[in-house]
Amino acid sequence: MDQSGVVFDSLTVNEAGFGGNCDMAAQPLPLQLNLEVIAVHSLFRWAWSLLLVVLVVGQPFAADPPKANKITYQDHILPILREKCLACHDGDKVKGGLDATTYRSLMEGGSSGVVVKPGDPDGSRLFQLVSRTKEPFMPPMADKLPPAYLDSIRQWIAQGALENSGSKAIAAKPKMDVGLTSIVKGRPEGPPPMPEVSLSLQPVVVTKRASAITALACSPWAPLVALAGQKQVLLYHSESLQLLGILPFPYGTPQVLKFSRNGSLLLAGGGRGGQSGKVVVWSVKTGDKIIEVGDETETVLAADISADQTQIALGGPNKMIRIYSTKDGEKLREIKKHTDWIYSVEYSPDGVLLATADRSGGMFVWEAFTGREYFSLRGHTAAITDVSWRLDSNVLASCSEDTTIRIWEMENGNQIKAWGAGGGVQAVKFSHDGRLVSACRDRLVRVWDQNGGQQKVFEAFPDVALRAGFTHDGTRVVAGDWTGLVRIFISSDGKPAGTVNPNPPPPPPPQEAFDISVKDLAVKQAAYEQGQAAVATAQAAATKATADLAAGQKTAADMANALKNGEAAMAQAKAAMDAANAAAPAAQAKVAAKDLSLKAFSEALAKVKDAADKAKTDANLQTELQKVQQFVTQSTTELDAAKKAHTDATALAQANTAKFAESEKPLPAMKNNALAAAKTVEALTAQLTAANANLAAVQTQANQAATAALAAAKVVVEKYKALPPPVKK
């Protein structure tokens, strides 16, 4: 890794006798460097790494270093064929219709068709059979060819299948036109692309220890993670953590990995420091190499494929942006603007713009299909290590060794936010929902919102955190560091979900692997069934909690209604009491009035009677006497009635007062019962919420992790079932 965080080609270092994956004792060096001390003092690793690269490859800034020697049919391949193959494939014995004695006859192929596809060793039947990745294994009834022979054949095909030292390489054309007629925003229709069972699980290189994680990418729509290894790219299931396939990258170490925006393609760019660089594009489903572009004199450090899959942009130490067509592999244009190594290249999700950044803090946005400069974004004061577009293409994020993450808007090219991210930032990536994840020199991986608010910080790595990204659904974060450790975290709570191995061991022999996979399937099947049982238990608990809550709510409703009815009855009794108490004084006043009236009429009757007695012959007086007597009689009746009414009103008031007192007595208890029932409902609601949350968590674990693991295990079993039976020697 240089001062700015770029990881140099570990193969170049190892082959010279340096690096964590080689045996120092086996290759004595002029300078005996104690790498274990370096590991302890990780703070100074970049300085030692720079020294190692200078010692191994000479001046790292020298222009146009010499390329590797040409491998030709005449000088290198024909001797191998004479020794191992011509007994069956010469001019007299043409088994399978293949004559390998001349370049022309070999290139014509045999009964099964063309056996050499220039530029595509893994797709060439010759290499498939001699490397024994496909049957029938060649040479038959004999040992596999030595690694040196296989490397020569692979490199010969990869270099274009030259006939002799004066030949020109046959250009490898893309296998298909992957360009899209339109760009689909958001998730494409149909199931997301995932590797098929035919992908190889055989590592290209296995070392004593894993190398630094130079590149990492997560599929935008599938539970799939791609990791860079030495001469290979590894594909892992991001939920089951199962190894799904290994893609060979014979050109060196991949320094950049990118999935296409629809997730159907995987791009890798890399090479060998100071020697060569390439960009390769594979089909995610089949693992077939579709496109190969670039003939760099230095390793490729940055590359991307446009959203419409018609362009590939790459850059690196040569400071030049080169744009290639995916249709024919031809170079479309070059952009020479950067003054230092290009560290990051990324097309916008809508395919309109292209962002590039370099080691001196230079960052540009270009019109993708014209190459015209759109913006020059100034603000970083050190190497820009990564850029990432937000899904709507309106915002660009960048990170730098100056310890900051910066956010830029694409309306006017202005910086809208910047914050310190806790150390020299090595990587930054947007999620679909607009969050960002970063990896820093302080060994920490963090999740941020777009205002720079830290949402989560994960467990520290042993060394510099180099790469990080969100999985397709944003529920997990995958990150790797300088030591080769790759961890997966749950993004919501920061808990670790597991690790994956960027340096996996070779798989066991097919039958043994099949037996192991069957046992693994049985274990995962049991785990799946346990998960489903846990789901059933959680579902039962949630159902019971729902029923308990319903019963509690009914009790609370009944208590509330009883209290309401009691309060209504008390209010009614009080109204009756108040009305009765108000009526008693009125009745009393009426009695008094009637009593006065009776007294007055009685006095008048006495006077009239006295006068009438004295004048018994006076008819008028007799008539008036009768009238007055009627008034007295009526007044007496009314007084009696008023007294009775008063008595009744008083009795009613007393009765209503008693009723009110009776209606008031149960109310305190009813209030307490209603309050207790409400609290019970509150507790039962909390229990139901917890039960539902537990059910959701158990279902997530069972339906995602366990189901994914079971499916992945089935895929492995089917993979080994699909293998042909071993050839008997």
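The analysis underlying the following values was restricted to heavy atoms, covering all of them including side chains, and did not include hydrogens, waters or symmetry mates. What you see is a predicted model; the values in this text were computed from it and never measured.
- In this structure, Pro203 and Pro507 have side chains that are in contact, with non-hydrogen atoms separated by less than 4.5 Å.
- Scored by the salt bridge (charged side-chain N to carboxylate O under 4.0 Å, His left out) test, Arg261 finds Glu346 as partners (sequence neighbours excluded).
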Practice task
Please step through salt bridge (Lys or Arg N to Asp or Glu O under 4.0 Å) for the pair Glu401 and Arg441, ending with a clear verdict.
Solution key: CA-CA 9 Å; Glu401 288 284 359; Arg441 282 190 177 275; 3.0 Å; yes
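- Two residues are said to be in side-chain contact when any heavy atoms from C-beta on lie closer than 4.5 Å; Thr471 and Val477 fail this criterion.
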Practice task
Would you sort out whether Ile153 and Val130 count as a side chain to side chain contact (heavy atoms under 4.5 Å, CB included), showing the intermediate values?
Solution key: CA-CA 9 Å; Ile153 296 173; Val130 297; 4.2 Å; yes
Problem - Verdict with supporting geometry, Trp482 and Arg443, side chain to side chain contact (heavy atoms under 4.5 Å, CB included) - result: CA-CA 9 Å; Trp482 175 268; Arg443 304 183 294 124; over 6 Å; no
Problem - Ile323 vs Leu354, side chain to side chain contact (heavy atoms under 4.5 Å, CB included): CA-CA, chis, key distance, verdict - result: CA-CA 11 Å; Ile323 312 294; Leu354 172 66; 3.9 Å; yes
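- Separating the CZ atom in Phe259 from the CG atom in Asn262 is a distance of 11.5 Å, to the nearest 0.5 Å.
- Of the candidates Leu485, Leu466, Leu444, Thr483, Phe461 forms a side-chain contact (heavy atoms from CB on, under 4.5 Å) with just one, namely Leu485.
- In this structure, NZ on Lys285 lies 15.5 Å from CG on Leu266, to the nearest 0.5 angstrom.
- Contact annotation: the side chain of His338 approaches that of Thr356 to within less than 4.5 Å [non-hydrogen atoms, C-beta and beyond].
- To the nearest 0.5 Å, the span separating NE2 on His237 from CD on Gln242 amounts to 9.0 Å.
- Residues Gln255 and Arg467 approach most closely at O-NH2, 4.4 Å, considering heavy atoms.
- In this model, no donor atom of one side chain and acceptor atom of the other lie less than 3.5 Å apart for Thr133 and Gln202.
- Side-chain atoms of Asp288 do not come within 3.5 Å of backbone N or O of Ile290 as any donor-acceptor pair.
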Practice task
Before giving the answer on salt bridge (Lys or Arg N to Asp or Glu O under 4.0 Å), spell out for Asp386 and Lys429 the whole-Å C-alpha distance, their side-chain angles and the decisive distance to 0.1 Å.
Solution key: CA-CA 8 Å; Asp386 202 4; Lys429 286 289 180 288; 2.6 Å; yes
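- Here the side chain of Asp481 pairs a donor or acceptor atom with the backbone of Asp463 at under 3.5 angstrom.
- Using a 4.5 Å cut-off on side-chain heavy atoms (C-beta onward), Leu247 and Leu235 make contact.
- Put simply, the side chain of Gln275 never gets that close to the backbone of Thr297: no donor and acceptor are under 3.5 Å apart.
- Between the Lys144 side chain and the Phe137 main chain, no donor and acceptor come within less than 3.5 Å of each other.
- Taking every heavy atom of both residues into account, Ser306 and Asp308 meet most closely at OG-OD1, 2.7 Å.
- In this structure, Ser219 contributes its side chain and Pro223 its backbone to no donor-acceptor pair below 3.5 Å.
- Between Trp221 and His432, the ring-plane angle classifies as parallel under the 30° and 60° cut-offs.
- The shortest side-chain heavy-atom distance between Pro502 and Ile213 falls under the 4.5 Å cut-off.
- Contact annotation: the side chain of Thr299 never approaches that of Arg272 to less than 4.5 Å [non-hydrogen atoms, C-beta and beyond].
- A side-chain donor-acceptor contact under 3.5 Å links Lys289 to the backbone of Gly119.
- Glu330 and Asp328 make their closest contact through N-OD1, 2.9 Å (heavy atoms, listed as atom of the first residue, atom of the second, distance).
- Test Glu296, Lys231, Glu292 against Tyr251 for side chain to side chain donor-acceptor pair (under 3.5 Å) and you get one pass: Glu292.
- Across all their heavy atoms, Gln159 and Ile71 have their closest contact at OE1-N, 2.9 Å.
- In this model, a donor atom of one side chain and an acceptor atom of the other lie less than 3.5 Å apart for Asn503 and Thr207.
- Remark: side-chain polar atoms of Ser398 are not paired, donor with acceptor, to backbone N or O of Val387 under 3.5 angstrom.
- Under the salt bridge (charged side-chain N to carboxylate O under 4.0 Å, His left out) criterion, Asp122 pairs with Arg154, not counting sequence neighbours.
- Contact annotation: the side chain of Asp358 never approaches that of Ile384 to less than 4.5 Å [non-hydrogen atoms, C-beta and beyond].
- Heavy-atom minimum distance, Ala226 versus Leu257: O-CD1, 3.6 Å.
- Between Phe249 and Trp282, the ring-plane angle classifies as perpendicular under the 30° and 60° cut-offs.
- Within the 4.5 Å cutoff, no side-chain heavy atoms of Leu244 are placed close to those of Tyr236.
- Between the Thr499 side chain and the Arg487 main chain, no donor and acceptor come within less than 3.5 Å of each other.
- Note that NZ of Lys331 and CG of Asp295 are 9.5 Å apart. Values are rounded to the nearest 0.5 Å.
- Considering Cys218, Ser431, Ser238 as possible partners of Phe470, the one that fulfils the side-chain contact (heavy atoms from CB on, under 4.5 Å) test is Ser431.
- Minimum heavy-atom separation, Leu265 to Ser283: CD2-CA, 4.3 Å.
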Exercise for the section: Could you check Arg390 against Leu396 for side chain to side chain contact (heavy atoms under 4.5 Å, CB included), going step by step and ending with a plain yes or no? Expected result: CA-CA 6 Å; Arg390 199 172 68 184; Leu396 178 70; over 6 Å; no
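- Here the side chain of Glu334 pairs no donor or acceptor atom with the backbone of Ile321 at under 3.5 angstrom.
- From Ser124, atom OG reaches atom CD1 of Ile157 across 4.0 Å, with rounding to the nearest 0.5 Å.
- Of the possible polar contacts, none joining the Arg322 side chain to the Gly294 backbone as a donor-acceptor pair under 3.5 Å is found.
- Here the straight-line distance linking atom CG of Leu436 with atom CZ of Arg446 works out to 13.5 Å at 0.5 Å rounding.
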